[in-house]
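Please read the structure below before turning to the comments.
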Amino acid sequence: MNHSTFDRSRIALPLEEMRSFGYRVVDLLADHFANMEREPVGAKAESAKIISLFSGEPSERGRDPHELLAQLEREVFPNNLHVDHPRFFAFVPGPNNFVSTMADALAAGFNVFNGTWLGGSAAAALELGVVRWFCQICGLPAAAGGLFVSGGSVANMTALVAARHALLQDRVEGATVYFSDQTHSSVERALRVIGFAPGQVRKLASDQNFRLPLDALREAIAEDRAKGLRPFCVIANAGTTNTGAVDPLPELAEIAAAEKLWLHIDGAFGAAAVLAERGRTALRGLERADSISLDPHKWLFQSFECGCVLVRDAALLKSAFQIKPDYLRDVHRDIAEVNPCDYGIQLTRSFRALKVWLSTETFGVAAFRQAITRGFELAEFAERELRARAGWEILSPAQMATVCFRFGSDDALQTQLVDVMLRDGYALLTSTTLKGATALRLCTINPRTTEEDIVETVNRLDRFARQRL
Ligand SMILES: Cc1ncc(COP(=O)(O)O)c(C=O)c1O
């Protein structure tokens, strides 16, 4: 392009330049999706070097967008971890799909406003349809509803705001909340944000299977009642981040019902697995929740940011969040219309449901079921590979696509193995602490991971561990 011949102040590219720029972007993405397994799993850049690349003043007169793409290819994309890579087993991977990526481009390109029915009626209707489907696979009743949010952290907070409003009329003094020490930190943070002091939070020691122990819960509730406090909410895990452990959901639902507590289930990691037979069995009791967090950007293969909060009685979510300001009077005139902004903290919101809809319709629900099942199987395969080699101890057997293990008993060695694998670049895993011991962890939710990927990852771990001993 002759880069000086158009009026930049319109913040617009000429038609042909839009096309060639867009095609180049699509080519980059298609090549990434098609070839990523032949590339390293990503890199962590040296901080001084990478910060200096972006510390200059912004361009005054503009630059050639193709040159900018080349810069991104050179400096940005290789210097991140590729959470979508089939050998990225760290934290919770982000194995998004190409169709979902294109849906994001469409949602951003049309700049769909998904905050109100007036602003985006088709978007709201599509979101309602996807949310209804999620409620249905989780076994929630017809009155259930929910909202797409940025991720599990905001889903947890949104659910807890609904709980606080419904059960406490927003007065938190003396109210107490219960969950296991395996619960994601976003729950604790959400409670902090919505006004709970640390003294109102009961983080109970998990049992040997990393689950919330029922007796300890009953005792803690009884103790708090005896002190005149107001037990109000139990938060259960449908797949913990550490080990994939699922708390005893049916029993917790019984306790919550008997004690008149709100039951929130954090299924940010695991709830999507309910779509598949294996997940449905593991997550029995999910249908008893008052609210559920479910992150499509994890085990439902969507691009970030795609979380979802589901509430058994959608009206409770609405009464917790709805405010009707003057300037939205046209939005609120027809009370039959559903305004997503009435169900959460965002007014302006992107069209997150589109990527779930477009990719599910493209590949079919059966493909998603198989892809989820594959996650379970790959973790079990990894466990068998580890058990077949001397010196490896399984600290938490494969469950919900997660297995935790270590080589020998030296905590420092496990951490070194994370670093060696990162430098090696073939595969990536991270460590955690389980009952005081440092553990390595593989999370195998990427459906594009092969058995060979797992074998070679375990081979490398084994070789590096023995070299370091
Ligand atoms: C169980 C669980 N809850 C909540 C979260 C937070 O989700 P997000 O990072 O999407 O905010 C995570 C993230 O890994 C998770 O595993």
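We count residues from 1, following the sequence as given. From a predicted model like this one, the values you see are computed outputs, not experimental measurements. First listed ligand is number 1; within each ligand, the first listed atom is number 1.
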Against heavy atoms of Gly151, which atoms of ligand 1 measure under 4.0 Å?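 Those qualifying, in numeric order: 10 (O), 11 (O).
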Below 4.0 angstrom from a heavy atom of Phe269, which ligand 1 atoms are there? Numbered from 1 as shown, please.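 Reading through ligand 1 atom by atom, the close ones are 16 (O).
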Is a donor from one side chain sitting under 3.5 angstrom from an acceptor on the other, for His297 and Ser150?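 No.
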Asp104 versus Thr101, side-chain donor and acceptor atoms under 3.5 Å: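 Checked: Thr101/Asp104 side chains show no N/O donor-acceptor pair below 3.5 Å.
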Quick check on side-chain contact (heavy atoms from CB on, under 4.5 Å): which of Leu429, Leu417, Thr430, Leu81 does Leu422 satisfy it with?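 Single side-chain contact (heavy atoms from CB on, under 4.5 Å) partner of Leu422 among Leu429, Leu417, Thr430, Leu81: Leu81.
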What protein heavy atom lies closest to [atom]? Include the residue and the distance to one decimal.
atom	answer
atom 8 (P) of ligand 1	Gly152 N, 3.4 Å
atom 11 (O) of ligand 1	Ser153 OG, 2.6 Å
atom 7 (O) of ligand 1	Lys298 NZ, 3.0 Å

Among His297, His184, Glu305, closest by any non-hydrogen atom to atom 12 (C) of ligand 1: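 Ranked by closest heavy atom to atom 12 (C) of ligand 1, first place is His184.
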Option set Thr241, Asn237, Thr183, criterion heavy-atom distance to atom 1 (C) of ligand 1, minimum: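 It is Thr241 that holds the nearest heavy atom.
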Is any N or O atom of Asp266, backbone or side chain, closer than 3.5 Å to an N or O atom of ligand 1?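 Yes; at least one N/O pair falls below 3.5 Å.
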Flag Ser186 as yes when one of its N or O atoms lies below 3.5 Å from any N or O atom of ligand 1, and as no otherwise.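 It does not: no N or O of Ser186 is found under 3.5 Å from an N or O of ligand 1.
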Angle class for the His82/His32 ring planes (parallel below 30°, perpendicular above 60°, tilted otherwise)?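 Perpendicular, since the angle between the ring planes exceeds 60°.
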Test ring pair (Phe, Tyr, Trp, His ring centres under 6.0 Å) applied to Phe77 - qualifying residues, sequence neighbours left out: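 For Phe77 there are no ring pair (Phe, Tyr, Trp, His ring centres under 6.0 Å) partners, ignoring immediate neighbours.
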Is it possible for you to check whether Arg460 lies under 6.0 Å from the centre of the six-membered ring of Tyr426, through NZ or CZ, and within 45° of that ring's axis?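 Yes, cation above the ring, under 6.0 Å and within 45°.
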Any side-chain to backbone donor/acceptor pair from Asn237 onto Thr240? Under 3.5 Å, distance only.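 No, because the side chain of Asn237 does not come within donor-acceptor range (under 3.5 Å) of the backbone of Thr240.
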